[in-house]
Number of protein chains: 2
Amino acid sequence: MPTPEARVRDGAATRRRALHVALDLFTRQGYGATSLRQIAEELGITKASLYYHFPRKDAILQAILQERGTEAEDVLAWLRAQPPPAAALEPAVLRWVESSSAEKLRGIRFLQANPLVADGLAGTGAERIGTPLATLADELVALVPHPAPEDALLLRMALLSINAAVAAAAQSDVDDDVVLAAARRSARALVRELLADLPRDEPREPPGVARVSPGTEDRR
Amino acid sequence: MPTPEARVRDGAATRRRALHVALDLFTRQGYGATSLRQIAEELGITKASLYYHFPRKDAILQAILQERGTEAEDVLAWLRAQPPPAAALEPAVLRWVESSSAEKLRGIRFLQANPLVADGLAGTGAERIGTPLATLADELVALVPHPAPEDALLLRMALLSINAAVAAAAQSDVDDDVVLAAARRSARALVRELLADLPRDEPREPPGVARVSPGTEDRR
DNA sequence: GTCTATAGTGGGATAGAC
DNA sequence: GTCTATCCCACTATAGAC
């Protein structure tokens, strides 16, 4: 669409590059610790030029967040289309975990580096990640017979297996494939742990709990 | 020790209160986003007075970090005193997870809110948390027959179960007891998942090295 | 030990020329 | 679309009185 006499500098391209560079810096240094000057420098332009593309600093953040977050809704739709509820739990959780592409891992790493920035930004697409995931968690907990608060938490942990895997892999260069594989195994193991203690909830003593420190048993 | 004519204002107490308030604010808003003015205001003193107790802002951070981090060494010592290696894995991981008190949870929440601040601070006690844990992870991986990179990651995830539980419980007020219980169950489930796939890992093929991405084998 | 006052720096943001 | 120049503000940190 650019007219023949368009400048050598391509605005749209600069904008894209800016988003890429910014996400990178935000992930490595944190949002607050990254200045516009630094982003501009990396792009080879000036701070003021950056303002042509984004009216405010957090507009960059918004633009980054706005491009993701429909996966949870997809899994929700699938889940609601399933006839029998109980057996759907593990497939649903795995479906969510599987939906993590390499591109999504970048997003997860960013969110883990900026945990507070995420929920400080209401109405900007940030809750398009959090809220649907919470809804998904809620609907999945409903599939568990007698969900104790501890069970709900364990289920959330299963859903967040990718996040846990990314966190565990931080600062020890591991391939994304390995991270995803570990996340899958974790999700499966946690769902099964969740369902295992359900039928015969507490017969007498749990069959194989290593008693490490006496007196740290809780109620449940 | 204060002389009878000591001021009504108790310096040591102010310092303690400052550390408590600071940890709180750092956790809620992040280290960078918390100003000295804000901390001082909450204490009922001025910025300048705060400088009497701490020469620089990050001295507050150091003082906070310096009070923790021997648990991993304790578990290491216990581990090395165990005669038969293989069976010690699950007890060791649980021992580490069990060592989380309510006070430690505060620390974990802080670190999760400030993931980058932690590793940006070398020589200040920050690595007294990270390094021993890494060592513990390494020694534990050695107990696994044919540790693939994916297995090592899964083991780290087991050790970090408390962190994952805290993360999953964020912004949905859950009792610390419940968080700890979920962490324990997660740790157990992950260790068992780790050991389950081992005996009959892959009957032929390289003796048990999950070939996920060729060429990412590391040294050690 | 706490105060007031201020120096110095770096950040986000705007105006207007090219 | 990118530039130079500039404004304004909040923050860290210091000096010195009480």
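Model, not experiment: these values are computed from the prediction. The sequence lines fix the lettering, A, B, ..., with proteins before strands; numbering per chain opens at 1.
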Quick check for you: among [options], whose closest atom lies nearest to any side-chain atom of [X]?
X: B:S35; options: D:dT14, D:dC11, C:dC3; answer: D:dC11
X: B:R56; options: C:dT14, D:dG1, D:dA13; answer: D:dA13
X: A:L36; options: C:dA13, C:dC3, D:dT2; answer: C:dA13
X: A:R37; options: D:dT2, D:dT12, C:dG11; answer: C:dG11
X: A:Y52; options: C:dA13, D:dG1, C:dT2; answer: D:dG1
X: A:A48; options: C:dT2, D:dT2, D:dA5; answer: D:dA5

Rounded to the Å, how far apart are [X] [atom1] and [N] [atom2]?
X: A:I45; N: D:dT4; atom1: CD1; atom2: P; answer: 12 Å
X: A:Q38; N: C:dG11; atom1: CD; atom2: P; answer: 8 Å
X: B:Q29; N: D:dC11; atom1: CD; atom2: P; answer: 11 Å
X: A:F54; N: D:dT2; atom1: CZ; atom2: C1'; answer: 15 Å
X: B:R15; N: C:dT2; atom1: CZ; atom2: C1'; answer: 17 Å
X: A:E41; N: C:dG10; atom1: CD; atom2: P; answer: 13 Å
X: A:Y51; N: C:dA13; atom1: OH; atom2: C1'; answer: 4 Å
X: B:K57; N: D:dA10; atom1: NZ; atom2: P; answer: 16 Å

Item to check | Presence of A:S49 side-chain N/O under 4.0 Å of D:dG1 phosphate oxygens OP1/OP2 | outcome: no

Checklist entry - Does the side chain of B:T14 get closer than 4.0 angstrom to OP1 or OP2 of C:dT2 through an N or O atom? => result yes

Next on the checklist: Base of C:dG12, side chain of A:K47 - is there a donor-acceptor contact under 3.5 Å?
Outcome noted: yes

Checklist entry - When all nucleic acid strands are considered with a 4.0 Å heavy-atom cut-off, which category describes A:T46: base, sugar-phosphate, or nothing? => result base

Within the structure provided, determine whether [X] and [Y] are in side-chain contact (heavy-atom separation under 4.5 Å).
X: A:D58; Y: A:V117; answer: no
X: B:L143; Y: B:L140; answer: yes
X: B:R185; Y: A:E150; answer: yes

Item to check | Aromatic ring pairing A:F110/A:F26, orientation class (parallel under 30°, perpendicular over 60°, tilted between) | outcome: tilted

Checklist entry - Under the criterion salt bridge (Lys or Arg N to Asp or Glu O under 4.0 Å), which of A:R192, A:R184, A:R188 is the partner of A:E90? => result A:R192

